[in-house]
Amino acid sequence: MKPLIGITVDAEPDPSDLRSGGKLLLNWNYAEAIANAGGVPVLIPPMADMDVLSKLIHGWLIPGGMDIDARFFGEELHEKADVIAEERFLGERRLYEAIPQDLPVLGICYGCQFLNVARGGTLIQHLPDAVETTHTGGVEQRYALDAGSQLSQVAGVPEMVGKSYHHQGVGKVGQNLEVVARHEDGTVEAVEAKDRPWMIGVQWHPERSPDDGPTQRLFKSFVDAARQFAERTP
């Protein structure tokens with residue numbers, strides 16, 4: 001069977017627009033990566049009933065987005081932060097709290113940061129304050145994977161290559177998360193949950209490197225894990 005992979009979408013609410021009320025947005029390549037890996041992408045807006053959806057989906061992809069409001073991890077907002085719509089973050093937090101313990105989850109860029117914050121971690125709100133390396137604009141980088149990590153087993157290589165578009169990063173690591181990849185400047189580039197069978201967050205954008213072998217294996221492993229979840233779930 002093909003598993004249903006929920007993908008939470010970006011939100012631009014605009015109550016002043018009487019024609020539309022705002023927009024829901026998702027880049028094409030997220031859904032395409034899931035479809036190419038054998039899954040069925042299902043887009044989830046922030047106003048959805050997350051309790052209902054948590055019982056229907058077999059995996060959850062948290063895509064990229066703007067910055068998480070620092071009040072959600074107990075800090076004052078950096079002046080250069082570009083905050084994501086609160087509706088999206090709160091919707092995803094409701095879904096996170098509703099999903100089964102063994103539901104596979106893949107977080108990308110903002111999605112990686114979301115998983116860290118959801119587990120009590122913090123973010124470096126403006127990476128140029130901490131490192132000199134540029135991590136924005138799609139710069140291609142190499143990330144050393146920790147030997148023995150789930151991510152290294154999935155990728156089948158000691159390092160991955162990806163395109164970087166983030167100006168924030170993981171600060172204090174969230175509960176039961178383990179850092180499994182770093183940039184050479186020390187920036188956290190991937191985390192995985194020690195208390196779940198398949199929960200990985202990557203800071204780069206693998207959906208923007210669709211022809212890369214390790215990237216394809218990452219998406220395939222995620223979808224395969226979702227298929228196995230579907231097969232053992234009534």
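This structure is a prediction, so every number in the text was calculated from the model and none was measured.
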Is there a side-chain contact between [X] and [Y] (heavy atoms, below 4.5 Å)?
X      : Y      : answer
Val157 : Pro214 : yes
Pro3   : Val223 : yes
Glu189 : Val180 : no
Ile44  : Leu95  : yes
Asp10  : Leu26  : no
Leu24  : Pro45  : yes
Phe219 : Pro206 : yes
Asp146 : Ser152 : no

Would you call [X] and [Y] a salt bridge, using N to O less than 4.0 angstrom?
X      : Y      : answer
Arg217 : Asp224 : no
Arg94  : Asp51  : no
Glu140 : Lys163 : no

For [X] versus [Y], what's the shortest heavy-atom pair and its separation?
X      : Y      : value
Ile34  : Ile7   : CG1-CD1, 4.2 Å
Asn116 : Lys172 : ND2-O, 3.0 Å
Trp60  : Ile62  : CE2-CG1, 3.4 Å
Gly186 : Arg182 : O-NH1, 2.8 Å
Gly64  : Cys109 : CA-CB, 4.2 Å
Gln101 : Pro197 : O-CD, 4.0 Å

Stepwise side chain to side chain contact (heavy atoms under 4.5 Å, CB included) check, Val170 with Ile124: CA-CA 6 Å; Val170 171; Ile124 300 171; over 6 Å; no
Any side-chain donor near an acceptor of the partner, Trp204 and Ser209, under 3.5 Å: no
Between His135 and Gln141: side-chain donor-acceptor atoms closer than 3.5 Å: yes
Flag, side chain of Asp212 to backbone of Thr215, donor-acceptor distance under 3.5 Å: yes
Donor-acceptor under 3.5 Å (Gln113 side chain, Leu123 main chain): no
Do [X] and [Y] belong together in a cluster built from hydrophobic side chains that touch within less than 4.5 Å?
X      : Y      : result
Met66  : Leu115 : yes
Leu53  : Leu61  : no
Ile200 : Val179 : no
Leu106 : Val42  : no
Ile5   : Leu218 : yes

Distance under 6.0 Å and angle within 45° of ring axis: Arg196 vs Tyr96: yes
[atom1] of [X] to [atom2] of [Y]: how many Å apart, nearest 0.5 Å?
X      : Y      : atom1 : atom2 : result
His167 : Thr134 : NE2   : OG1   : 13.0 Å
Cys112 : Gln168 : SG    : CD    : 12.0 Å
Glu192 : Asn176 : CD    : CG    : 12.5 Å
Glu32  : Asn27  : CD    : CG    : 11.5 Å
Leu127 : His183 : CG    : NE2   : 10.5 Å
Arg93  : Thr8   : CZ    : OG1   : 14.5 Å

Neighbour count >12 (heavy atoms, 6.0 Å) for atom [atom1], [X]:
X      : atom1 : answer
Glu184 : CD    : no
Glu159 : CD    : yes
Lys194 : NZ    : yes

Without placing hydrogens or testing angles, list every side-chain donor-acceptor pair under 3.5 Å for residues 75-85, not counting sequence neighbours.
{"unit_1": "Glu75", "atom_1": "OE1", "unit_2": "Gln125", "atom_2": "NE2", "d": "3.1"}
{"unit_1": "His78", "atom_1": "ND1", "unit_2": "Lys80", "atom_2": "N", "d": "3.0"}
{"unit_1": "His78", "atom_1": "NE2", "unit_2": "Asp129", "atom_2": "OD2", "d": "2.8"}

ILVMFWY cluster membership beyond Tyr165 - transitive side-chain contacts under 4.5 angstrom: none
Check against side chain to side chain donor-acceptor pair (under 3.5 Å), His205 and Glu207: CA-CA 5 Å; His205 279 265; Glu207 82 285 358; 2.6 Å; yes
Stepwise side chain to side chain contact (heavy atoms under 4.5 Å, CB included) test for Leu103 and Ile57: CA-CA 9 Å; Leu103 185 95; Ile57 59 174; 4.2 Å; yes
Step-by-step side chain to side chain contact (heavy atoms under 4.5 Å, CB included) determination, Gln203 to Ser164: CA-CA 7 Å; Gln203 190 61 76; Ser164 182; over 6 Å; no
Evaluation steps, side chain to side chain contact (heavy atoms under 4.5 Å, CB included), between Val191 and Met199: CA-CA 8 Å; Val191 296; Met199 178 178 280; over 6 Å; no
From CA spacing to verdict: side chain to side chain donor-acceptor pair (under 3.5 Å), Glu92, Tyr110: CA-CA 12 Å; Glu92 288 171 325; Tyr110 158 94; 2.6 Å; yes
Aromatic plane relationship, Trp198 with Phe222 - under 30° parallel, 30 to 60° tilted, over 60° perpendicular: tilted
